[in-house]
S.K.: 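Provided herewith is a single structure, encoded as structure tokens, for subsequent inquiry.
Quick note: residue numbers are just sequence positions, from 1. Quick note: numbers below take in every heavy atom, side chains included, and nothing from hydrogens, waters or symmetry partners.
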Amino acid sequence: MSGGLVVVGTLTLPGVRRSVAHARRFLRDMLPQAHPLLDDLVTVGSETFSNAITHTDSGKGGRVTISLLAGRGVYRLEVSDDGAGGKRPHLKAETLAEGGRGLRVVEALTERWGFRADGPRTVVWAEFRVGENSSGNSDRGLSRASKTLVSAAFEGGNR
């Protein structure tokens, strides 16, 4: 799916908690406010950026780079961290714990996601389909374009 993608924007930030808000703002600035994928993309960007700070050397004085790429019918979010000594992202088993669900959120909101090694660094990527012909995880997101989960949340105005 990565063929034909062009970089819309990229931003490198210190691996500290306050950078997560800057990463979210960066993503919001990359798409029009009414874009149907905006909320899902910002949620996934926030989660993957936070994971980079929490689980890799980026959170120990390093940096995190967030990039948005676009191509025909797809947006691709990439978050690059400073590595975690060879450990790579993985889905955790279902538990009742408060934490450890981040990649399940990523999986639910994206068409597909994964990672690639870049030397000691890890690049987590997530793809979002644009339009009605998407397959995979359609209608499971937070965006107004979702037809199942959130349609009731947007009905009735500000009640």
Side-chain angles (χ1 to χ4, degrees), residues 1-71 73-130 136-137 140-146 149-150:
M1 180 77 56
S2 59
L5 294 177
V6 295
V7 176
V8 175
T10 190
L11 179 65
T12 299
L13 295 164
V16 295
R17 287 277 159 215
R18 69 179 175 274
S19 291
V20 178
H22 295 289
R24 282 192 298 265
R25 179 170 294 130
F26 163 76
L27 291 172
R28 289 197 179 282
D29 288 346
M30 294 293 101
L31 293 174
Q33 187 175 7
H35 195 284
L37 293 175
L38 183 61
D39 290 340
D40 292 351
L41 197 128
V42 170
T43 299
V44 170
S46 181
E47 183 58 45
T48 53
F49 198 96
S50 294
N51 282 351
I53 293 168
T54 302
H55 301 294
T56 76
D57 291 342
S58 292
K60 299 172 186 163
R63 299 187 180 279
V64 182
T65 299
I66 187 166
S67 303
L68 182 64
L69 299 87
V74 69
Y75 283 96
R76 182 179 181 114
L77 173 71
E78 294 188 350
V79 174
S80 178
D81 62 52
D82 287 340
K87 296 179 193 170
R88 302 297 182 199
H90 63 280
L91 288 174
K92 292 184 178 179
E94 290 277 349
T95 68
L96 297 177
E98 286 186 32
R101 296 187 185 125
L103 289 179
R104 291 197 182 282
V105 170
V106 171
E107 184 175 67
L109 297 180
T110 61
E111 180 76 17
R112 63 189 197 125
W113 73 277
F115 68 89
R116 69 179 182 275
D118 183 14
R121 299 176 62 85
T122 301
V123 179
V124 176
W125 55 266
E127 291 183 350
F128 303 82
R129 281 268 188 212
V130 180
N137 294 333
R140 290 199 280 173
L142 301 171
S143 295
R144 289 182 183 269
S146 176
L149 276 186
V150 294

S.K.: Between atom CZ of Arg28 and atom CG of Asp39, what is the distance when rounded to the nearest 0.5 Å?
M.R.: 5.5 Å
S.K.: Is any side-chain heavy atom of Val44 closer than 4.5 Å to one of Phe128?
M.R.: yes
S.K.: As an exercise, state the distance from CD of Glu78 to CZ of Arg116, rounded to the nearest 0.5 Å.
M.R.: 4.0 Å
S.K.: Got a second to check how far Leu11's CG is from Phe26's CZ, nearest 0.5 Å?
M.R.: 5.5 Å
S.K.: Over all heavy atoms of both residues, which pair between Glu47 and Val106 is shortest? Give the atoms and the distance, please.
M.R.: CG-CG2, 4.0 Å
S.K.: Would you indicate whether the side-chain heavy atoms of Thr43 and Ser46 approach each other to under 4.5 Å?
M.R.: no
S.K.: Salt-bridge test for Asp81 and Arg121: reply yes if a basic N is under 4.0 Å from a carboxylate O, no otherwise.
M.R.: no
S.K.: Evaluate the side-chain proximity of Ser50 to Arg17: yes if any heavy-atom separation is below 4.5 Å, no if none is.
M.R.: yes
S.K.: So do Thr122 and Thr56 actually touch side chain to side chain, heavy atoms under 4.5 Å?
M.R.: no
S.K.: Measuring from atom CZ of Arg76 to atom CD of Glu111, what distance do you get when rounded to the nearest 0.5 angstrom?
M.R.: 12.5 Å
S.K.: Could you grab the distance from atom CG of Leu77 to atom CG of Leu37, nearest 0.5 Å is fine?
M.R.: 11.5 Å
S.K.: Looking only at heavy atoms, what is the nearest atom pair of Trp125 and Phe115, with distance?
M.R.: NE1-N, 3.4 Å
